[in-house]
Amino acid sequence: LSYHMQKGVYFERPEVGSVDATSEIGERTTVASNVSVVKNSTVGKDCEIKEDAIIKGSKVGNNVIIGEGSIIIASVIKDGVKIESRSLIKNSVIGENVEIFDDVRIMNSGIKENTVIEECCQINKARVAENVQIGKFNKLIGELNPAVVLSGCVLDANVEVLGATIHENSTITVNKTIVEDVNGGEV
């Protein structure tokens with residue numbers, strides 16, 4: 001840890017947590033207690049990694065916040081992303097300036113820039129374009145085909161997208177299950 005501290009990384013409690021020799025942390029990053037950064041991970045500059053977070057085999061950009069108890073595995077997190085508490089991101093790419101609320105699970109997926117994902121969502125085998133708003137308790141699940149949400153869409157709470165594509169600028173209202181493609185601009 002002394003190597004990282006000399007480079008300007010601040011560890012709240014250096015005696016608790018680990019950064020292995022294969023991983024790098026950028027300057028002016030703050031690392032809370034009981035954090036693990038391991039397996040060739042890279043964390044950029046000016047980041048904040050909160051208590052009990054785990055970063056394993058991942059690349060994290062600059063100005064990223066990783067919330068308490070969140071786990072990042074084999075993923076790319078681009079600049080300006082905010083991940084709140086207890087979220088899991090695995091085998092995924094998260095674009096710039098994405099905001100991910102508490103208790104979100106994202107696996108095997110790509111999320112493009114400026115998207116907001118509210119709490120308790122599950123996203124697996126999905127592609128989400130830029131400027132999308134995903135409400136609470138939503139599920140985007142790829143089955144035979146990936147679940148796809150294109151740019152400018154709004155998904156209210158409790159929406160399930162199961163292997164379908166939602167085209168640009170569509171709004172899906174609360175408590176809907178989508179199994180067939182939705183044309184652009186539909187509500």
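Only this structure's heavy atoms are used, side chains among them; waters, hydrogens and symmetry mates stay out.
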- Side chains of Glu68 and Ser85: does their closest heavy-atom pair fall under 4.5 Å? yes
- Message: Measuring from atom NZ of Lys82 to atom CD1 of Ile100, what distance do you get when rounded to the nearest 0.5 angstrom?
- Response: 11.5 Å
- Message: Check whether Asn97 reaches the backbone of Asn114 with its side chain - one donor and one acceptor, N or O, closer than 3.5 Å.
- Response: no
- Message: Using only atom types and a distance under 3.5 Å, with no angle test, would you say the side chain of Thr22 pairs donor to acceptor with the backbone of Val38?
- Response: no
- Message: Keeping Ser109 on the side-chain end and Lys125 on the backbone end, is there a donor-acceptor pair under 3.5 Å?
- Response: yes
- Item | Side-chain donor-acceptor pair present, Asp79, Asn63, cut-off under 3.5 Å | no
- Message: Counting only heavy atoms not in Lys7 (residues, nucleotides, ligands), do more than 12 fall under 6.0 Å from its NZ?
- Response: yes
- Task: Kindly indicate whether the side chain of Ile134, heavy atoms from C-beta on, has any atom under 4.5 Å from the side chain of Ile123.
- Result: yes
- When rounded to the nearest 0.5 angstrom, what is the spacing between OH in Tyr3 and CD1 in Ile25? 10.5 Å
- Query: Which atom names give the shortest non-hydrogen contact between Ile72 and Ser75, and what distance separates them?
  - Reply: CG2-CB, 4.0 Å
- Please check if Val64 and Val19 belong to a single hydrophobic cluster, counting links between Ile, Leu, Val, Met, Phe, Trp and Tyr side chain heavy atoms closer than 4.5 Å. yes
- What distance do Ile178 atom CD1 and Leu155 atom CG have between them, rounded to the nearest 0.5 Å? 8.0 Å
- Message: Any side-chain to backbone donor/acceptor pair from Asp181 onto Thr165? Under 3.5 Å, distance only.
- Response: yes
- Task: Please confirm whether the backbone N or O of Gly17 pairs with a side-chain atom of Ser33, one donor and one acceptor, at under 3.5 Å?
- Result: no
- To which residues is Val93 joined in a hydrophobic cluster, defined by side-chain heavy-atom contacts under 4.5 Å among Ile, Leu, Val, Met, Phe, Trp and Tyr, whether direct or through other members? Val76
- With rounding to the nearest 0.5 Å, note down the distance linking NZ in Lys112 to CD in Glu130. 6.0 Å
- What are the two closest non-hydrogen atoms of His4 and Phe11, and how far apart are they? CB-CE1, 3.8 Å
- Heavy-atom neighbours of Arg105 CZ exceed 12 at 6.0 Å: yes
- Indicate the atoms forming the closest heavy-atom contact of Gly57 with Ser41, along with that distance. N-OG, 2.9 Å
- Task: Work out which heavy atom in Lys78 is nearest to a heavy atom in Gly95; give both atom names and the distance.
- Result: CB-C, 3.9 Å
Side-chain donor-acceptor pairs of residues 138-145 under 3.5 Å, sequence neighbours excluded:
| from | atom 1 | to | atom 2 | distance (Å) |
| --- | --- | --- | --- | --- |
| Asn138 | OD1 | Asn158 | N | 3.0 |
| Asn138 | OD1 | Val159 | N | 2.4 |
| Asn138 | ND2 | Gly135 | O | 3.0 |
| Asn138 | ND2 | Asp156 | O | 3.0 |

- Is Val148 linked to Val128 within one hydrophobic cluster, defined over Ile, Leu, Val, Met, Phe, Trp and Tyr using a side-chain heavy-atom separation of less than 4.5 Å? no
- Query: What are the two closest heavy atoms between Thr29 and Lys45, and how far apart are they?
  - Reply: OG1-C, 3.7 Å
- Item | Connected via hydrophobic side-chain network under 4.5 Å: Ile49 and Met5 | yes
- Query: When rounded to the nearest 0.5 angstrom, what is the spacing between CD1 in Ile66 and CD in Glu48?
  - Reply: 10.0 Å
- Query: Just by modelled atom types, is the Asn108 backbone N or O under 3.5 Å from a matching donor or acceptor in the Ser92 side chain?
  - Reply: yes
- Query: Checking side-chain contact (heavy atoms from CB on, under 4.5 Å) for the pair Asn62/Asp46: CA distance, chi angles, key distance, verdict?
  - Reply: CA-CA 6 Å; Asn62 299 319; Asp46 302 304; 5.7 Å; no
- Going hydrophobic residue to hydrophobic residue with side-chain gaps under 4.5 angstrom, can you get from Met107 over to Ile54? yes
- Query: Hey, is CD on Glu15 packed in by over 12 heavy atoms from elsewhere, all under 6.0 Å?
  - Reply: yes
- Query: Out of Ile94, Ile111, Ile83, which one pairs with Ile117 under the side chain to side chain contact (heavy atoms under 4.5 Å, CB included) rule?
  - Reply: Ile111
- Message: If you compare all heavy atoms of Lys39 against all heavy atoms of Ser23, which two are closest, and at what distance to 0.1 Å?
- Response: N-OG, 3.8 Å
- Item | Nearest-0.5 Å distance, CD1 of residue Ile106 to CD1 of residue Ile89 | 4.5 Å
- Query: Does the side-chain contact (heavy atoms from CB on, under 4.5 Å) test come out yes or no for Thr115 and Val132, once each step is laid out?
  - Reply: CA-CA 5 Å; Thr115 290; Val132 171; 3.8 Å; yes
- Item | Working for side-chain contact (heavy atoms from CB on, under 4.5 Å), residues Ile65 and Lys50 | CA-CA 8 Å; Ile65 298 172; Lys50 297 187 179 181; 4.1 Å; yes
- Message: Whether the side chain of Ser151 engages the backbone of Glu168 through a donor-acceptor N/O pair (distance < 3.5 Å, no angle test) should be reported.
- Response: no
- Start with the C-alpha distance between Gln133 and Val116, add both sets of side-chain angles, then the distance that settles side-chain contact (heavy atoms from CB on, under 4.5 Å), and finish with yes or no. CA-CA 5 Å; Gln133 175 75 36; Val116 175; 3.5 Å; yes
- Item | For Arg86, all residues meeting salt bridge (charged side-chain N to carboxylate O under 4.0 Å, His left out), sequence neighbours excluded | Asp102, Asp103
